[in-house]
Amino acid sequence: QVQLVESGGGVVQAGDSLRLSCAASERTFSRYAMGWFRQAPGKEREFVASVSWNGGRTYYADSVKGRFTISRDNAKITVYLQMNSLKPEDTAVYYCAVDVRTAQAMGNITPKYWGQGTQVTVSS
């Protein structure tokens with residue numbers, strides 16, 4: 001059974017940083033695009049960031065550009081999301097996702113594989 005396990009969420013204050021991790025159980029995921037989405041209470045799930053299979057290309061939602069950085073370690077089949085200068089509006093459940101399509105496409109598709117989510121709460 002394919003598993004994506006997120007970790008690193010928590011409660012922080014505005015301006016703080018957090019680093020999310022997502023470890024995959026499937027070795028073939030090292031060849032797929034990986035990304036992060038989030039869903040705030042009462043809102044639809046939205047794309048946050050994605051990274052190509054080799055880490056060479058990254059894509060971000062406008063709302064997080066310059067503050068968040070996505071990266072991956074294929075040896076560990078893990079994707080990371082470094083979140084700096086956090087704002088209360090970043091509060092959401094963050095999900096990692098994997099798909100065979102490109103990282104560029106991930107902002108416009110519903111990925112096939114999902115993690116269970118990790119809560120990030122930013123207080124003002």
Side-chain angles (χ1 to χ4, degrees):
Q1 182 178 352
V2 173
Q3 283 190 315
L4 294 170
V5 180
E6 298 103 332
S7 61
V11 180
V12 298
Q13 293 187 332
D16 285 351
S17 299
L18 274 178
R19 188 194 195 204
L20 305 183
S21 300
C22 174
S25 63
E26 181 63 45
R27 172 58 59 180
T28 55
F29 283 7
S30 65
R31 301 286 296 181
Y32 295 167
M34 302 181 82
W36 290 93
F37 290 71
R38 68 186 181 185
Q39 187 166 20
K43 295 187 177 181
E44 294 187 353
R45 184 172 55 199
E46 63 176 359
F47 168 79
V48 175
S50 61
V51 59
S52 60
W53 73 272
N54 63 356
R57 298 193 178 194
T58 57
Y59 302 89
Y60 298 93
D62 288 342
S63 59
V64 307
K65 279 181 182 177
R67 300 187 298 122
F68 291 10
T69 301
I70 189 170
S71 61
R72 65 189 293 164
D73 182 340
N74 281 342
K76 297 179 180 179
I77 329 172
T78 298
V79 62
Y80 305 96
L81 186 68
Q82 177 67 44
M83 304 186 294
N84 298 331
S85 303
L86 282 161
K87 304 175 181 179
E89 50 264 45
D90 294 319
T91 295
V93 177
Y94 283 71
Y95 300 89
C96 79
V98 176
D99 199 272
V100 298
R101 288 165 284 187
T102 65
Q104 186 175 20
M106 195 168 275
N108 297 298
I109 64 171
T110 299
K112 182 175 181 179
Y113 302 102
W114 292 91
Q116 83 288 352
T118 185
Q119 177 71 46
V120 171
T121 302
V122 184
S123 61
S124 57

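Worth saying up front: this structure is predicted, and the values here are computed from it rather than measured. Keep in mind that the numbers below use all heavy atoms, side chains included, and drop hydrogens, waters and symmetry copies. Here, residue 1 is the first one in the sequence, and each next residue gets the next number.
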Indicate the atoms forming the closest heavy-atom contact of [X] with [Y], along with that distance.
X	Y	value
R38	S63	NH2-OG, 3.4 Å
I109	P111	O-CD, 3.4 Å
I70	Y60	N-OH, 2.9 Å
S123	P88	C-CG, 4.5 Å
M34	V98	CE-CG2, 3.8 Å
T91	V122	OG1-N, 2.9 Å

Donor-acceptor contact present, side-chain [X] to main-chain [Y], <3.5 Å:
X	Y	value
N74	N54	no
R67	S85	yes
R101	A33	no
S50	A103	yes

Rounded distance (nearest 0.5 Å) linking atom OG1 of T78 with atom CG of L4: 10.0 Å
Between CZ on residue R72 and CD1 on residue I77, distance to nearest 0.5 Å: 9.5 Å
Name of the residue among M83, E6, Q119 meeting side chain to side chain contact (heavy atoms under 4.5 Å, CB included) with Y94: M83
Same cluster or not: are [X] and [Y] linked, directly or through other Ile, Leu, Val, Met, Phe, Trp or Tyr residues, by side-chain heavy atoms under 4.5 angstrom apart?
X	Y	answer
W36	V100	yes
V64	V79	yes
L86	L81	yes

Members besides M106 in its Ile/Leu/Val/Met/Phe/Trp/Tyr cluster (side-chain heavy atoms under 4.5 Å): F37, F47, Y59, V93, Y95, W114
CD/Q39: more than 12 non-hydrogen atoms of other groups inside 6.0 Å: yes
Please list every donor-acceptor pair under 3.5 Å in which a side-chain atom of residues 12-23 meets a protein atom from a residue at least two apart or in another chain.
{"unit_1": "D16", "atom_1": "OD2", "unit_2": "Q13", "atom_2": "N", "d": "3.1"}
{"unit_1": "S17", "atom_1": "OG", "unit_2": "N84", "atom_2": "OD1", "d": "2.9"}

Heavy-atom side-chain contact between F29 and Y113 under 4.5 Å: yes
Side-chain donor-acceptor contact under 3.5 Å, E26 with T28: yes
Salt bridge flag under 4.0 Å for residues D62 and K65: yes
